[in-house]
Amino acid sequence: MPKYQPEQFEKKWQEKWKQDQIFSPDLDKAKKPYFALMMFPYPSAEGLHVGNMYAFTGADIFTRYIRMQGYDVFEPIGLDGFGIHSENYAIKVNQHPSKLSKVTEERFYKQLMALGNAFDWTRTVETYKPDYYKWTQWIFLKMYENGLAYRKKAEVNWCPSCKTVLADEQVIAGKCERCSSDVVEKMLEQWFFKITNYADRLLKNLNSLDWSEKVLTAQRNWIGKKEGINITYKVIPNNRESHPSQARVPSKVKKIPYASLDFVDEITVFTTTPVNFGATFLVVAPEHPFVQNILNPESEIRNKIEIQYAKINEIKKYVEEATKKTEEQRKNEAQKKTGVFTELYAINHVSGKPIPIWISDFVLVNVGTGAIQGCPGHDYRDFDFAKKFGLPIPRVVTGANGEKTPIEKREDVVEHGGVMVNSDFLNGIPFEKAMQMTMDYFEKNGWGKRVVTYHLRDWLISRQRYWGPPIPIIYCDTCGTVPVPEIDLPVVLPYVENFRPTGIGVSPLASSEKFYKVDCPKCGQEAKRETDVSDTFLDSAWYFFRYTSTEEVDSPWMLERVKKWLPVNTYIGGAEHSVLHLLYSRFLTMVFKDLDLISHFEEPFARFRAHGLIISEGAKMSKSKGNIVNPDAYISEYGADCLRLYLMFLGPFEQGGDFRDEAISGPQNFLRRVWDLKEKIKDLAPSEEDKKWMYKAVEKVGRDISNLKFNTSIAKLMEWLNYLSRKKSVTKDEYKTLLLLLAPLAPHVTEELWSQIGEEYSIHQKPWPSFAKKSFVEEIVTIPVQVNGKVRAVISLSADQLSEKEVVGKALKEEKVKKYLEKKKYKVIYVKRKILNLVTS
RNA sequence: GCCUGGGUGGCGGAAUUGGUAUACGCGCAGGACUUAAAAUCCUGUAGCUGCAUAAGCUGUGAGGGUUCGAGUCCCUCCUCAGGCACCA
């Protein structure tokens with residue numbers, strides 16, 4: 001009997017599958033289309049690692065199962081080879097990315113092939129090829145035409161190591177998503193996409209998506225919708241002449257009608273919790289226009305207020321120091337509150353009292369309005385600030401147990417809940433309701449306006465790098481910003497010998513005169529091309545559309561194809577893309593819908609599941625730790641099927657696992673035993689017991705695969721194999737069923753065995769086994785019998801004897817049950833087919 | 001600080017969603033085959049008390065609670081992973 005030797009047949013079948021195109025559905029004629037998508041990889045010539053393979057394998061198993069359910073499954077593959085990831089690698093190995101891309105493409109596709117996945121190899125997409133990025137540029141033009149792409153000078157995130165700007169989403173805890181360097185702020189003129197226009201829709205649609213919970217939550221947090229109110233304060237004059245009664249420190253001003261109040265400027269604050277009876281100061285950010293005005297001797301306000309030279313200098317010094325700090329420094333020093341008093345006051349609308357205006361860098365200029373009202377009794381940060389500078393801390397909300405004691409310690413601060421006190425007409429009203437009433441009251445008096453704010457910012461898509469699609473824009477002295485005419489697309493990325501990032505805020509393309517010197521498409525005069533390229537995440541935000549239409553040359557996709565195949569039925573990928581790729585793709589799809597480029601959907605991925613991560617030696621695989629596991633060696637030693645099973649058996653797919661190769665012998669043994677089992681096939685009919693096992697396996701394995709619980713589906717197959725191995729012989733029916741159930745998990749060996757037992761090629765085009773359920777209703781039911789909640793016996797009854805009377809009758813004959821009942825009275829709790837519990841009183 | 005998901009044998013992990021906790025695999029121990037080893041096959045394997053393959057007790061991060069019955073539900077807390085964060 002020949003031994004199980006995967007190297008003798010895995011390659012053979014992979015080639016045959018590809019040649020026969022059995023995994024290439026007819027995209028126009030398919031009757032039951034199912035788009036199963038896996039996030040395409042960023043290729044680097046270092047190759048695919050086991051973590052990638054884990055994700056691809058899980059997605060592939062699911063896909064193969066769906067195919068066996070009778071769907072026309074489309075499982076495409078491609079490479080996200082444009083962008084910083086690939087370019088950084090090119091820099092590292094000192095090769096030109098355009099040359100390197102050819103090497104990585106070959107290597108990646110070879111490796112992906114060796115996994116045995118059911119990819120449609122006839123429709124690959126590579127983002128760095130002109131026939132693809134032509135349409136990425138086209139999408140940019142559509143965005144521009146419709147006012148969704150704009151150029152603006154702004155403080156942006158700059159990675160000093162990658163030498164480019166980054167979108168907010170690509171800054172992870174102050175560090176670059178790619179290289180983990182500290183990101184700094186830089187003032188640059190850049191292209192943005194107006195994703196903020198879609199904030200509400202992006203948020204609302206989340207409720208109807210079948211996605212992993214953690215990804216939904218991450219997106220909700222990132223969009224960060226907050227409903228609150230903008231309240232405008234009047235800054236009152238501080239010179240004796242205009243308001244003698246107020247003097248310099250106007251602590252006891254008579255309450256005068258707010259509307260008739262004399263004022264020199266206004267400050268608008270944003271708050272979600274207007275506990276205004278407790279507001280005792282205002283704080284503005286150092287970069288706030290109000291501060292700039294105070295420092296400017298020519299400004300209107302300076303003519304209206306009294307302020308000493310020393311004070312001006314003090315403020316100036318503070319602002320300079322604060323703005324010099326990086327974002328990171330500011331955060332690190334978050335606990336130590338600093339600030340400077342302006343000696344100016346604003347009037348609290350509800351108390352009528354003047355409250356001091358401070359400047360502090362704990363208030364961020366780009367959050368809300370860049371100014372806050374300090375309510376120190378009910379906000380920890382305000383409390384810290386008030387404590388440090390000796391400002392009053394009144395209580396206006398009761399504590400958890402109704403405390404009304406003065407707020408002295410940080411623990412006394414009440415941020416929400418409780419009931420209003422010391423708040424005039426709000427006294428006794430619960431916090432939440434009081435906030436709404438306050439907002440109503442302020443709006444009615446014209447003191448404020450309800451607003452909604454978002455954490456989400458517009459998507460910065462310019463990159464000062466080489467390896468990406470040039471942004472299709474031309475700047476003309478006469479015509480201004482001119483989009484490249486569609487007919488001139490693609491704007492081909494030229495070969496530039498020195499492709500390395502310049503670090504001076506421009507792309508390497510800026511040194512290629514041949515590239516940037518063009519005639520204006522409008523007036524024909526000499527003009528200059530935009531030399532930045534676009535973000536990689538723009539390439540990957542629409543690739544799944546392209547998969548359906550790779551042969552199309554006149555448009556990015558064929559509408560009929562998209563109608564048939566999109567939205568994607570199941571999408572699998574990494575959770576690290578929660579607020580990156582997954583958000584951008586949703587945004588673009590909505591835009592496509594609004595621009596009538598598609599019609600029947602606006603959410604690209606109906607179902608998304610995040611796979612877990614494979615770690616190694618207790619840590620995430622990374623080059624720096626040197627714990628990257630390359631699958632190639634394992635495939636050649638154990639075979640792709642074995643590695644697939646091993647990876648999937650580590651634990652739940654959505655959880656990931658630790659790669660320890662000593663456990664690989666389990667799956668290896670399993671496959672060998674499946675192989676050897678064929679020697680025991682006899683031409684017999686299965687027994688009732690055999691059928692029961694078979695039915696249960698079909699049911700359990702199928703259910704688990706569709707829920708991505710591959711580990712338990714494998715366990716069930718192992719259990720069944722243990723049963724089959726114990727028998728003297730197996731029926732052909734059993735063996736065929738075993739192979740069919742195993743086919744999605746181990747595609748090669750099942751194909752090989754399928755052909756060895758003389759079945760028709762290909763096992764992967766056969767339907768999932770099905771059974772008439774009623775022929776397997778269990779005849780004998782076993783029921784555990786508990787006495788006072790402890791199992792004392794297990795009884796077996798035939799299925800027609802399951803009445804309480806019969807079950808109790810049988811249970812009482814058990815010695816142990818009798819013993820523990822001790823002839824006491826008992827209560828019967830019987831759950832049919834499940835359990836019997838006898839409880840003594 | 002907030003949000004999400006976890007914590008179960010020596011290890012990876014099961015548990016039909018409130019009903020026999022530890023399936024399946026690894027590892028380990030014993031046995032069969034063998035001159036021997038490897039491979040393979042069989043048996044055992046949560047802890048404690050016990051000569052016991054007798055009997056019993058304890059056990060799912062900790063402590064309370066609901067229930068005839070809790071890994072599963074509720075409350076308080078500890079801890080690990082990930083996300084957000086002086087976000088007002």
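Naming: A, B, ... by sequence-line order, numbering from 1 per chain. Owing to the predicted nature of the structure, the values given are computational and were not obtained by experimental measurement.
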Quick check on B:C2: is either OP1 or OP2 less than 4.0 Å from any side-chain nitrogen or oxygen of A:Arg220?
no

Length of the line joining A:Arg792:CZ and B:C68:C1', which is rounded to integer Å
15 Å

Could you write out RNA chain B as dot-bracket? Rules: Watson-Crick or G-U wobble, both distances under 3.5 Å, brackets [ ] for crossings, | for pairs with another strand, dot for unpaired.
(((((((..(((......[....)))((((((.......))))))((((.....))))..(((((..]....))))))))))))....

Proximity to the side chain of A:His455 - top-ranked nucleotide from B:A15, B:C84, B:A14
B:C84

Do we see a donor-acceptor contact under 3.5 Å between the side chains of A:Gln668 and A:Tyr646?
no

Between A:Glu227 and A:Arg450, is there a side-chain N and carboxylate O pair less than 4.0 Å apart?
no

Given B:C84, B:C24, B:C68, which nucleotide is nearest the side-chain atoms of A:Val839?
B:C68

Checking side chain to side chain contact (heavy atoms under 4.5 Å, CB included) for the pair A:Asn207/A:Arg220: CA distance, chi angles, key distance, verdict?
CA-CA 10 Å; A:Asn207 296 329; A:Arg220 279 191 196 105; 3.4 Å; yes

Among B:C68, B:C57, B:C86, which is the nearest nucleotide to the side chain of A:Lys790?
B:C57

Shortest side-chain distance from A:Val363, nucleotide among B:C84, B:U20, B:A88:
B:A88

Name all residues meeting the side chain to side chain donor-acceptor pair (under 3.5 Å) criterion together with A:Glu806; count only those two or more places apart in sequence or in a different chain, and write none if there are none.
A:Ser803

Is there side-chain contact between A:Leu282 and A:Val269, with heavy atoms separated by less than 4.5 Å?
yes

Of A:Glu169 and A:Thr272, the one whose nearest nucleotide on RNA chain B sits closer to the 5' end is A:Glu169

Nucleotide of B:C26, B:A88, B:U4 approaching A:Lys214 most closely (side-chain heavy atoms):
B:U4

With a 4.5 Å limit on heavy-atom distance, are the side chains of A:Val701 and A:Trp720 in contact?
no

Any carboxylate oxygen within less than 4.0 angstrom of a Lys/Arg side-chain nitrogen, looking at A:Arg395 and A:Asp412?
no

Regarding the side chain of A:Thr271, the nearest nucleotide among B:G25, B:C3, B:A88 is B:A88

Options B:G19, B:C24, B:G13, nucleotide nearest the side-chain atoms of A:Pro652
B:G13

Which whole-number value in Å describes the distance from A:Ile783 CD1 to B:G69 C1'?
16 Å

Thinking salt bridges, do A:Asp676 and A:Lys3 make one under a 4.0 Å N-O criterion?
no

Report yes if at least one side-chain N or O of A:Asn711 is closer than 4.0 Å to OP1 or OP2 of B:A14; otherwise report no.
yes

Counting only side-chain heavy atoms from C-beta out, which of B:A23, B:G83, B:U4 sits nearest to A:Glu213?
B:U4

Heavy-atom nearest nucleotide on RNA chain B taken for A:Leu650 and for A:Thr369; more 5' hit belongs to A:Leu650

Respond yes when some side-chain nitrogen or oxygen of A:Asn722 is under 4.0 Å from OP1 or OP2 of B:G25, and no when none is.
yes

Of the candidate nucleotides B:A85, B:G69, B:G5, which contains the atom at the shortest distance from the side chain of A:Asn837?
B:G69

Ignoring backbone atoms, test whether A:Lys716 places a side-chain nitrogen or oxygen under 4.0 Å from the OP1 or OP2 oxygen of B:G25.
no

To the nearest angstrom, how far is A:His581 atom NE2 from B:G83 atom P?
18 Å

Within this structure, what is the CD-to-C1' distance between A:Gln655 and B:G13, rounded to whole angstrom?
9 Å

Provide, to the nearest angstrom, the distance between the CG atom belonging to A:Leu745 and the P atom belonging to B:G25.
16 Å

Whole-Å gap separating C1' (B:C26) and CG (A:Leu645)
15 Å

To the nearest angstrom, how far is A:Asp384 atom CG from B:A88 atom P?
16 Å

So, is B:G61 syn or anti if syn means the angle is within 90° of 0?
anti

Where the side chain of A:Leu364 is concerned, which of B:C87, B:U20, B:A23 is the nearest nucleotide?
B:C87

What form does the base of B:G63 take, syn (within 90° of 0) or anti?
anti

Side-chain heavy-atom pair A:Pro652, A:Phe710 within 4.5 angstrom cut-off:
no

Give the rounded distance in Å between these two atoms: CZ of A:Phe270 and P of B:C86.
15 Å

With syn meaning chi within 90° of zero and anything else anti, the base of B:U16 is anti

